[in-house]
2 protein chains.
Amino acid sequence: MKLLIIEDDRNLSATIRETAEELFTVEQAFDGEEGLFQAEQNIYDCILLDIMLPYMNGYEVLKRLRESKIQTPVIILTAKDGIDDKLHGFREGADDYIVKPFHREELIFRLKAVVRRSSGRSEDEVAVFHELTLDLKNRTARIGDTAVVLNGRQFDLMEYLLLNKNSIVTKEQIFDRIWGFDSETTVAIVEVYASKLRKSLKPFHYDRFIKTFRGLGYMLSDEEEQDG
Amino acid sequence: MKLLIIEDDRNLSATIRETAEELFTVEQAFDGEEGLFQAEQNIYDCILLDIMLPYMNGYEVLKRLRESKIQTPVIILTAKDGIDDKLHGFREGADDYIVKPFHREELIFRLKAVVRRSSGRSEDEVAVFHELTLDLKNRTARIGDTAVVLNGRQFDLMEYLLLNKNSIVTKEQIFDRIWGFDSETTVAIVEVYASKLRKSLKPFHYDRFIKTFRGLGYMLSDEEEQDG
DNA sequence: CCTGAACCATGAAACTTCTCATTATAGAAG
DNA sequence: CTTCTATAATGAGAAGTTTCATGGTTCAGG
C-alpha cells in the first residue's frame, strides 16, 4: 500500500509520514507541480493533499489528476477553515478532508476509512464447528444445508464462542468484546443472549454444545453433554 | 502505569514487554519467588502471571498476594488448557486469563479492559455549545436548566457535530465515526438521525443551529439561520 | 436428605434502531 | 419564473436490543 503526501511544510510532512507508516509505504512531494508529476507517474492507494502549495495549489492538482482519469482516493488537508474550501474540494472530487491541526489518531482513522472503502473488503472467511458454518463476511450461519437465523448479537456471541472453542470464556470477556467495556449495559445481557442463542440452535440440537460453567462463564465444547 | 510480568520464558517475556510498553512502564520477574517479592515491594497497576514457574507456581504466587491484601489486577497466562486451571485461578482471585499462544492485539485488549475496569473512568468531561451542555460521561444533555432527552445515536450525533462545530462534516465522516465503516447499515441512516436530533432540539429552538449543506453534509453553526 | 443463598435461564414488555416509502426542498436548466 | 431532478426530511412500521421480574438450578452446610 502506497501513500503520497503532497505538503510543503516539511515538519508537518515528516510527522504525517511517521504516523502513516503504520499503514503505508510513504512517498513525499513538497510542491504542487512535483506532487502532480509523482501522482501521474506512480500508482498510489491514497494521496494526502495540502491546499496551500507553491507553484500549483491543491485544487489545481486535484482537478488535473481527475482530468487525467486518475481516481486515487484524495484526502485534502485544509487550515481552519472556510466553507467554500470544502465545497471546492468536493466538487473537484476529493474523497475526504481533514482540518489542520488534527490528531494523529484522526488521521489514521480517515486513512483506514478511505482504504477500506476503496478496497471493498474481500476476506470471505468462514468459521466451522462440526456441521455449523459461520460466514463471517455476510454474517450468516448454516448447519448442514439449513440456514440458521442468528441476528446481530446472537451471531457475535456464536462467533466469539467458536473462536474460543473448548476453552471457557467468562461473561466479562464476552461482554468486553461484544459490547465494549464502556458500554451502558451490564454483563447480565450476556446471559440473555446465551439463552437466545441456545434457543436458535435447539432445533438442530446444537444447543447441547454450549455449556455453562457456574461462576465462570460459557464454553463451546466438542464433547456433548453427559446425561445421567 | 506500571506492569509486572512474571514469566520464566525470557523470549515470551520480552515479546510481551514490547507489546505492553504501549500502555505501561514494564518490569519483569523470571520465577515465582522473585515475582512475589517484587509484587509485594512495589505498587503495580497490573500483573501478568504465568502458571508454570520455577520455585513457586503462579497459583501460589496469586494466593499469597491476595493473602497479603494486595488487590492489584492479575491476568493469568496459561497454556492450552485444562478447565481446572481456570477454576483454580479464578478461585484465587485472578481478574482475567489469557490462553497461550495469544495475539498481540488480544493482550492489549485485555490489558486495557483490566485497567479501565479497575480505574473507574474518572474523566467527567463536558462539551458546551451556547446553553447546551453534553455530559460525555453520563451521556446526558441539558439546555439551560432543562434536561433534553437524546438517546443513543442522537447523542452520538450531537456530540460529533459539537466536536466539529462551525465546520462541515460529511455524512460519510459521521457514519464512519458513529456506525463504523464496516457497519451493515448505509449512510442514509445519518439523515434519519439528523431529523430526530432536530426534532428533539426543536422545543428549545436549537434545531436552527444545525445546518444542512446539500451534497456535503451538516454543520453545527454558531451563526443562526438567516431568514428571508 | 433438606434448606437457603447465590447464580442462571427465560419470557414479556419497553425501548431503540433501522428500513422504507412518501413528501418536501434546493438548485440547475430552460 | 417555472419545471425538473437530485437530494434531504420525515413518519410509520419492522426488526433488534435491553430491562426486568419470575422461576429454576446448583452447591454448601446443616
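Letters A, B, ... are given to chains in the order of the sequence lines, protein chains preceding strands, and every chain is numbered from 1.
- The nearest whole Å value for the distance from the CD1 atom in B:Ile189 to the P atom in C:dT17 is 9 Å.
- Checked by atom type and distance alone, the side chain of A:Ser68 pairs as donor or acceptor with a backbone atom of A:Arg64 at under 3.5 Å.
- Closest approach of A:Ala141 and A:Leu134 over heavy atoms only: CB-CD2, 3.6 Å.
- When rounded to the nearest whole Å, the span between CD of A:Glu184 and C1' of C:dT17 equals 15 Å.
- Here the CD atom belonging to A:Glu7 is positioned 5.5 Å from the CD1 atom belonging to A:Ile16, to the nearest 0.5 angstrom.
- As a whole-Å value, the separation of B:Leu197 CG from D:dA9 P is 12 Å.
- Following rounding to the nearest Å, A:Leu150 (CG) and D:dG16 (P) show an atom-to-atom distance of 11 Å.
- At distances below 3.5 Å, not a single donor-acceptor pair connects side-chain atoms of A:Asn57 with backbone N or O atoms of A:Ile51.
- The aromatic rings of B:Phe209 and B:Tyr206 stand perpendicular to each other, their planes meeting at an angle above 60°, with 30° marking the opposite boundary.
- A sub-4.0 Å separation between OP1 or OP2 of D:dT18 and a side-chain N or O of A:Trp179 is present.
- Rounded to whole Å, atom C1' of D:dT18 lies 11 Å from atom CZ of A:Phe175.
- Rounded to an integer number of Å, the gap from CG of B:Leu157 to C1' of C:dC18 is 15 Å.
- A distance-only check finds no donor-acceptor pair linking the side chain of A:Asp222 to the backbone of A:Asn166 [under 3.5 Å].
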What string of B, S and - do you get for nucleotides 3-16 of chain C 5' to 3' if you count protein non-hydrogen atoms under 4.0 Å? ----BSSBS----S
